[in-house]
Amino acid sequence: MALEGIGLSLHAGDFLCLLGPSGCGKSTLLRIIAGLTEPSSGRITRAPEIERKGGIGFVFQEPTLMPWANVADNVFLPLRLAGMRRREAQDKIEQALVAMGLEGFAGAYPRELSGGMRMRVSIARAYVTRPRLLLLDEPFAALDEITRLKLAEDLLTLQRDADWTVVFVTHSVFESVFLASRIALLSPRPGRLAGEIEIELPHPRMAQLRTTPEYAELCRLVSLRLAEAMR
């Protein structure tokens, strides 16, 4: 059993980080929220705007791009699967590329891009369907620190502009405090909800926030609560 006794509510506009040790069921919980995995017990209730086709966007830890397709075609994929013609989709594709800073890379192929750029394409592919709920499974884990910090800032800007509700899986205390409006702490397997922490830091959250006493104190608090959950 990966999870046990999880009870969570998600509200419109939330940025919820799932924080816990490896193997505690964070990714399983994300897949249950997405409807990719059925819970063995209990139930999940989704709002009608989430249940609609394209209402949920999912970004995996690896970009999972089609290597034979260029950036624009990779972003077009979910619209093509939904039956939309390329001509109809062109404006949406271009808007997604601009939103992720990829407007000059439409014709590039994944092999020509850095890891951070490939992740931008993956997020643009989720963005293009205009989801109400965006789920991200450790999307920055394999990236270098500089790229990771910049993508975190860009993701918050995108959430504000697109009015997304976000669930974000991470192992990083520092990342979760910077991104989240709320952090859900999970205990070791089987994952249980060990507590929730509200993160009341001002927006917009930019690089200088990471040097403030308020941010440092919240990181300390979350670290202590995570250590308790681990025990």
Side-chain angles (χ1 to χ4, degrees), residues 8 10 13-31 33-34 57-63 99-101 114-124 126-127 133-162 164-188 191 193-230:
L8 273 174
L10 192 61
D14 275 353
F15 197 121
L16 175 68
C17 277
L18 302 178
L19 179 64
S22 294
C24 73
K26 300 185 297 297
S27 295
T28 300
L29 180 55
L30 203 69
R31 292 176 68 85
I33 295 171
F58 202 118
V59 178
F60 296 91
Q61 185 170 346
E62 296 296 329
M100 288 310 301
S114 67
M117 294 296 281
R118 288 194 294 270
M119 185 52 67
R120 287 180 180 275
V121 178
S122 186
I123 296 172
Y127 176 95
L133 174 63
L134 182 66
L135 308 175
L136 302 104
D137 191 3
E138 296 190 76
F140 308 153
L143 304 179
D144 66 85
E145 190 70 9
I146 294 172
T147 301
R148 187 171 182 154
L149 296 179
K150 181 64 171 74
L151 271 171
E153 293 173 23
D154 291 348
L155 180 60
L156 285 176
T157 299
L158 204 57
Q159 185 215 8
R160 182 191 66 220
D161 293 347
W164 276 335
T165 302
V166 176
V167 184
F168 187 102
V169 168
T170 181
H171 287 102
S172 170
V173 168
F174 304 103
E175 186 170 68
S176 66
V177 172
F178 184 80
L179 288 170
S181 59
R182 184 161 50 106
I183 297 172
L185 297 169
L186 297 184
S187 67
L193 183 62
E196 297 184 46
I197 303 172
E198 298 285 338
I199 304 297
E200 297 179 351
L201 289 172
H203 288 270
R205 296 182 186 174
M206 306 303 288
Q208 55 267 33
L209 174 66
R210 298 186 179 93
T211 63
T212 64
E214 294 81 6
Y215 175 75
E217 176 58 24
L218 278 168
C219 288
R220 187 188 70 84
L221 171 64
V222 172
S223 295
L224 289 173
R225 293 284 300 276
L226 181 61
E228 292 171 5
M230 295 282 286

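For the single chain, residues carry numbers from 1 onward in sequence order. Computed from a predicted model, the values in this text were never measured in an experiment.
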Original post:
Between L136 and L155, does a side chain to side chain contact (heavy atoms under 4.5 Å, CB included) hold up when you go through it step by step?
Top reply: CA-CA 11 Å; L136 302 104; L155 180 60; 4.3 Å; yes

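- Contact detail for H171 and K26: the closest heavy-atom pair is NE2-NZ, 3.4 Å.
- Distance check, rounded to the nearest 0.5 Å: CD of E62 to CZ of R118 gives 8.5 Å.
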**OP:** In sequence, state the C-alpha distance, the side-chain angles, and the governing distance for D137 and F58, and then conclude on side chain to side chain contact (heavy atoms under 4.5 Å, CB included).
**Re:** CA-CA 8 Å; D137 191 3; F58 202 118; 4.2 Å; yes

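- For the pair L179 and Q159, the minimum side-chain heavy-atom distance is 4.5 Å or more.
- Ring geometry for F174 versus Y215: interplanar angle of 30 to 60°, hence tilted.
- Between the CG atom in L135 and the OG1 atom in T165 there is a gap of 10.0 Å [rounded to 0.5 Å].
- With rounding to the nearest 0.5 angstrom, the CG atom of L226 is 11.0 Å from the CG atom of L221.
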Original post:
Stepwise, does the side chain to side chain contact (heavy atoms under 4.5 Å, CB included) test hold for R210 with L149?
Top reply: CA-CA 10 Å; R210 298 186 179 93; L149 296 179; 3.5 Å; yes

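- Contact annotation: the side chain of T212 never approaches that of L201 to less than 4.5 Å [non-hydrogen atoms, C-beta and beyond].
- Here the side chains of T170 and F140 are not in contact, with every heavy-atom distance at 4.5 Å or above.
- In this structure, CZ in R120 is found 8.5 Å from OG in S114, a value given to the nearest 0.5 Å.
- The two residues P21 and L186 make their nearest non-hydrogen contact at CD-O, 3.5 Å.
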Original post:
Between L209 and E214, does a side chain to side chain contact (heavy atoms under 4.5 Å, CB included) hold up when you go through it step by step?
Top reply: CA-CA 8 Å; L209 174 66; E214 294 81 6; 5.9 Å; no

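- Between R148 and S172 the shortest heavy-atom distance is NH2-CB, 3.8 Å.
- In this structure, C24 and P188 approach most closely via the heavy-atom pair CB-CA, 4.2 Å.
- In this structure, the side chains of L19 and I197 stay at 4.5 Å or more apart for every pair of heavy atoms.
- In this structure, F60 CZ and S27 OG are separated by 10.0 Å, a value rounded to the nearest 0.5 Å.
- The shortest heavy-atom contact between V173 and C219 is CG1-O, 3.6 Å.
- R182 pairs by the salt bridge (Lys or Arg N to Asp or Glu O under 4.0 Å) definition with D14, E196, not counting sequence neighbours.
- Taking CG of L151 as the start and CD1 of I123 as the end, the distance is 5.5 Å to the nearest 0.5 Å.
- Ring orientation note: the planes of F15 and F168 are tilted relative to one another, at an angle of 30° to 60°.
- The shortest distance between side-chain heavy atoms of L18 and L8 falls below 4.5 Å.
- Contact check on R220 versus E217 returns a salt bridge, with a Lys/Arg side-chain nitrogen under 4.0 Å from an Asp/Glu carboxylate oxygen.
- Here the closest non-hydrogen pair linking S187 and A194 is N-CB, 4.3 Å.
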